[in-house]
Amino acid sequence: MNRGEIVELVIRRNNLSISELSRRLHVSRRSIYNWFEQADLSFDVIFKIGEVLDYDFSVDFPEVFNKRQVKLFEKTNYEIQEENDLKSVNYWKNKYISLLEKHNEILSDHSPVAQFMVR
């Protein structure tokens, strides 16, 4: 069996329709059927399909998932985690600033000096 045929078999075993797979991958159904016929289906396509199916193709294609590509994948996950942490820091920083501004606004509304100036 070639790579495309193995990928097709895995997709069909996972009971995911070709229409649903094409929708999730943002490609046409025809593209997917063409992939099934490719003996040397690219790593990128296999990887994307694996993500959609939540399936690890490294068992089926150990030659495609060599150490260099696994390291690249791990680096990508690390970078994603780092990005999420940065987003989290920014979220809490913005939340803190917002609450501090509200706090200062309340204090200024109830301050004797502010009340004196309004009168």
Side-chain angles (χ1 to χ4, degrees):
M1 290 183 90
N2 67 39
R3 289 183 191 168
E5 291 169 337
I6 293 170
V7 168
E8 179 181 12
L9 185 63
V10 170
I11 291 168
R12 299 204 186 273
R13 281 187 193 154
N14 280 283
N15 295 322
L16 184 66
S17 72
I18 302 303
S19 296
E20 180 62 19
L21 182 62
S22 69
R23 186 186 67 75
R24 290 184 189 181
L25 291 173
H26 305 289
V27 298
S28 70
R29 293 175 69 238
R30 183 73 250 158
S31 293
I32 294 173
Y33 286 113
N34 287 339
W35 292 340
F36 295 161
E37 297 172 6
Q38 292 181 16
D40 292 326
L41 189 60
S42 77
F43 167 75
D44 293 333
V45 171
I46 293 170
F47 185 76
K48 288 176 186 177
I49 292 171
E51 284 183 320
V52 169
L53 296 175
D54 194 25
Y55 182 84
D56 182 10
F57 278 108
S58 65
V59 175
D60 301 292
F61 305 111
E63 74 282 359
V64 176
F65 290 82
N66 64 30
K67 291 180 182 178
R68 189 184 94 237
Q69 290 163 329
V70 170
K71 286 181 182 178
L72 176 64
F73 176 70
E74 288 171 354
K75 180 180 177 187
T76 304
N77 281 339
Y78 176 77
E79 289 171 352
I80 290 169
Q81 181 61 40
E82 193 174 275
E83 185 179 312
N84 288 340
D85 290 345
L86 183 60
K87 287 178 185 175
S88 177
V89 168
N90 285 332
Y91 170 79
W92 289 111
K93 181 185 79 171
N94 292 336
K95 183 82 167 172
Y96 173 77
I97 291 170
S98 174
L99 289 171
L100 187 60
E101 289 172 348
K102 288 178 184 177
H103 175 76
N104 287 337
E105 188 177 284
I106 290 170
L107 284 178
S108 69
D109 289 345
H110 296 300
S111 163
V113 174
Q115 290 176 357
F116 177 75
M117 294 177 80
V118 172
R119 291 182 188 174

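Values reported hereafter were calculated over all heavy atoms of this structure, with side chains retained and with hydrogens, waters and symmetry mates removed. Throughout, numbering of the chain's residues begins at 1 and tracks the sequence.
In this structure, Arg3 and Val45 have side chains that are not in contact, with every pair of non-hydrogen atoms separated by 4.5 Å or more. The shortest distance between side-chain heavy atoms of Leu16 and Tyr55 does not fall below 4.5 Å. Put simply, the side chain of Ile6 reaches to within 4.5 Å of the side chain of Phe61, judged on heavy atoms.
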In a table with atom names and distances, give each donor-acceptor pair under 3.5 Å that connects a side chain of residues 96-105 to protein atoms at least two apart or in another chain.
{"from": "Asn104", "atom 1": "ND2", "to": "Leu100", "atom 2": "O", "distance (Å)": "3.4"}

From CA spacing to verdict: side chain to side chain donor-acceptor pair (under 3.5 Å), Ser58, Asp56: CA-CA 5 Å; Ser58 65; Asp56 182 10; 2.7 Å; yes
Give the intermediate values and the outcome of side chain to side chain contact (heavy atoms under 4.5 Å, CB included) for residues Val7 and Trp35. CA-CA 9 Å; Val7 168; Trp35 292 340; over 6 Å; no
Starting from the C-alpha separation in whole Å, work towards a yes-or-no answer on salt bridge (Lys or Arg N to Asp or Glu O under 4.0 Å) for Lys48 and Glu51. CA-CA 5 Å; Lys48 288 176 186 177; Glu51 284 183 320; over 6 Å; no
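Remark: Asn14 CG to Asp54 CG distance equals 9.0 Å, nearest 0.5 Å. Rounded to the nearest 0.5 Å, atoms CD1 (Ile18) and CZ (Arg12) are 4.5 Å apart.
Taking all atoms of both residues into account, the shortest heavy-atom contact from Ile46 to Leu41 is CD1-O, 3.6 Å. Shown here for Asn2 and Ala39, the closest heavy-atom pair between the two residues is CB-CA, 3.4 Å. When every heavy atom of Ile11 is checked against every heavy atom of Leu21, the shortest pair comes out as CD1-CD2, 3.4 Å.
Of the possible polar contacts, none joining the Glu37 side chain to the Asn34 backbone as a donor-acceptor pair under 3.5 Å is found.
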